[in-house]
2 protein chains.
Amino acid sequence: MKNLKKTLKQYFNVAVSVDNVVFGFDADGLKVLLISRGSEPFTGSWALPGDLISPEMDLEYSAEKILKQLTGLDQVYMEQIQTFGSVDRHPFGRVFTIAYFALIKVENYHPQAASWAKDVAWFKVTEIPKLPFDHRDILEYARRLLKNRIRTQPLVFELLPKYFTLTELHFIHESILEEEFDVRNFRKKILSSGIIEETGKMQKNVTHRPAMLYRYNAAKAKQLGFEGGIL
Amino acid sequence: MKNLKKTLKQYFNVAVSVDNVVFGFDADGLKVLLISRGSEPFTGSWALPGDLISPEMDLEYSAEKILKQLTGLDQVYMEQIQTFGSVDRHPFGRVFTIAYFALIKVENYHPQAASWAKDVAWFKVTEIPKLPFDHRDILEYARRLLKNRIRTQPLVFELLPKYFTLTELHFIHESILEEEFDVRNFRKKILSSGIIEETGKMQKNVTHRPAMLYRYNAAKAKQLGFEGGIL
DNA sequence: GAGAATTATTGTACTTTTTACAATATATTT
DNA sequence: AAATATATTGTAAAAAGTACAATAATTCTC
């Protein structure tokens with residue numbers, strides 16, 4: 001047993017971190033939240049928000065905590081996407097990182113300083129600066145995953161405000177899927193699915209014909225089980 | 001910097017393991033490979049094949065190595081599925097485990113002893129014994145993932161022999177999806193997809209009308225990009 | 001070797017879903 | 001009042017999905 005313990009010791013010699021890919025959406029398209037690193041290594045570089053995990057903290061909780069520190073938001077849609085474990089991905093030693101993605105409504109977003117973040121900013125997914133570690137790979141992986149998920153799960157509603165127009169819904173699908181959809185067919189399909197409902201309200205302060213506002217009907221979506229997805 | 005190093009030390013105090021969910025398929029249905037543990041903790045218990053990762057070994061390589069030791073197989077379809085990181089999932093300390101699934105052709109399988117496995121056996125996915133750690137959760141997660149993937153990716157061909165009958169292909173879909181498909185419609189659809197092709201060969205040594213043997217056409221599947229999947 | 005047993009193979013009509021395509025409506029601005 | 005900007009709506013044709021049952025080819029049994 002003594003021997004076993006000694007052997008074990010060499011394994012308990014690595015670290016694990018969490019990195020979050022935080023997606024947001026506005027009139028400009030799909031965005032990702034990056035921080036300017038406040039600690040070594042790569043201090044000052046734009047990077048995915050992440051941190052090492054304390055040995056006494058649960059994995060999920062660690063991911064949520066980072067997001068909370070950064071955005072002040074709780075109860076955000078998060079999903080674990082992949083663990084990256086190349087031997088040399090971190091200059092300080094062997095660090096596995098577990099990537100999560102989070103979808104937030106930009107309207108609710110309140111940036112906050114964090115010990116590990118000197119600055120925070122949204123970047124269009126098509127205009128990402130050079131990133132340290134393997135963060136670029138992680139981000140691309142997250143984009144692919146989001147793209148794959150979006151057709152079969154109602155994730156877009158995590159990114160849109162509570163009330164939204166069909167045009168916004170249309171645009172977010174086109175942004176994420178990088179593909180165009182016919183206006184009439186899109187509306188027909190989304191409306192006949194029953195997962196969104198009219199609110200009776202209209203768009204205000206726009207310089208053109210105001211659109212009707214819709215809202216997501218989570219109960220209906222759940223009831224339908226979302227077989228086959230939205231589009 | 002000295003201070004930083006000291007702080008870091010408390011993080012480099014965890015271990016990471018890999019656990020593989022190895023699926024196989026035969027006339028009985030979908031199977032999972034379990035080992036009888038050869039080391040502490042839970043020695044002698046049936047469990048998922050897995051091991052701690054050495055700090056100097058890449059993640060992917062670790063997962064492949066375990067499978068190789070166990071089955072003698074190389075170049076097997078493997079995919080990372082999820083990382084499990086509850087604080088108390090391992091009695092020896094904080095151990096994150098990264099789960100992979102592997103799909104193997106039972107015909108190629110040659111069981112081998114490994115230091116961490118006293119015994120190896122296939123279990124029907126519907127008849128799994130009590131498992132240690134959170135292996136039950138991992139297994140169920142893998143089953144769900146396989147079920148979701150199978151409609152949109154040609155994974156079944158990783159589980160079937162090189163030459164197979166349409167009845168086998170039909171049965172494996174029904175086994176994994178836990179759902180029945182009409183024989184005529186199934187055949188019509190799979191054949192019209194173009195991803196399998198006739199071999200001209202027939203089944204032999206069967207006690208009834210022999211079936212035609214087909215083979216997967218990977219080139220065609222790739223060319224089609226598999227939009228929409230098989231079923 | 002005739003009939004039984006077992007699995008393999010095939011088509012058609014109906015329903016549903018997807019696709020292609022363009023004119024009109026409602027608001028603000030000039 | 002006209003120009004500008006975006007919102008909203010329908011129809012016909014094609015493709016895909018669904019429901020459904022009879023016949024064919026082999027071995028086995030007597």
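Reminder, nothing fancy here: chain letters follow the sequence lines and each chain counts from 1. Just so it is clear, the model here is predicted, and its values are computed rather than measured.
When rounded to the nearest whole Å, the span between CZ of A/Phe186 and C1' of C/dC21 equals 18 Å. In this structure, B/Asn185 places its CG atom 16 Å from P of C/dT9, rounding to the nearest Å. The distance from atom CG of B/Asn205 to atom P of C/dT7 is 16 Å, rounded to the nearest whole Å. Rounded to whole Å, atom P of C/dT9 lies 13 Å from atom NE2 of B/His170. For the pair A/Arg187 CZ and C/dC21 C1', the computed distance is 16 Å after rounding to whole Å. If you take CG of B/Asp182 and P of C/dA13, they are 17 Å apart, rounded to a whole angstrom. The distance from atom CG of A/Leu191 to atom P of C/dT17 is 15 Å, rounded to the nearest whole Å.
Checking C/dA27, C/dT9, C/dC21 against every side-chain atom of A/Arg209, the shortest atom distance belongs to C/dA27. When the nucleotides C/dC21, C/dA8, C/dG11 are ranked by their closest atom to the side chain of B/His208, C/dA8 comes out on top.
Interface limits on DNA chain D: the 5'-most and 3'-most nucleotides within less than 4.0 Å of chain A heavy atoms are D/dA5 to D/dT11.
Applying the 4.0 Å criterion to OP1 and OP2 of C/dT18, one finds that A/Lys189 has a side-chain N or O inside that range. At least one side-chain nitrogen or oxygen of B/Thr167 sits closer than 4.0 Å to the OP1 or OP2 atom of C/dA8.
Ring pair A/Phe181/A/His173 is perpendicular by interplanar angle, where above 60° counts as perpendicular and below 30° as parallel. The aromatic rings of B/Phe101 and B/Phe23 sit perpendicular to each other, their planes meeting at more than 60°, with 30° as the lower class boundary.
B/Thr165 comes within contact range of no nucleotide atom at all, as no heavy-atom separation falls under 4.0 Å.
DNA chain C is contacted by both B/Thr207 and B/Leu213; B/Thr207 maps to the nucleotide lying nearer its 5′ end (nearest heavy atom per residue).
Qualifying salt bridge (Lys or Arg N to Asp or Glu O under 4.0 Å) partners for B/Arg144, counting only residues two or more places apart in sequence or in other chains: none. With sequence neighbours excluded, the residues that form a salt bridge (Lys or Arg N to Asp or Glu O under 4.0 Å) with B/Glu179 are B/Arg151.
Each salt bridge (Lys or Arg N to Asp or Glu O under 4.0 Å) pair with one or both residues in residues 22-36 of chain A, not counting sequence neighbours, appears once here: A/Asp26-A/Lys31. For residues 116-129 of chain A, every residue pair satisfying the side chain to side chain donor-acceptor pair (under 3.5 Å) rule, not counting sequence neighbours, is listed here: A/Gln69-A/Trp116.
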With a 3.5 Å cut-off and sequence neighbours excluded, list the donor-acceptor pairs that the side chains of residues 199-214 of chain A form with protein atoms.
{"unit_1": "A/Thr199", "atom_1": "OG1", "unit_2": "A/Lys201", "atom_2": "N", "d": "3.1"}
{"unit_1": "A/Thr199", "atom_1": "OG1", "unit_2": "A/Leu213", "atom_2": "O", "d": "2.7"}
{"unit_1": "A/Gln203", "atom_1": "OE1", "unit_2": "A/Ala211", "atom_2": "N", "d": "3.0"}

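The base of C/dT18 does not come close enough to the side chain of A/Lys188 for any donor and acceptor atom to sit less than 3.5 Å apart.
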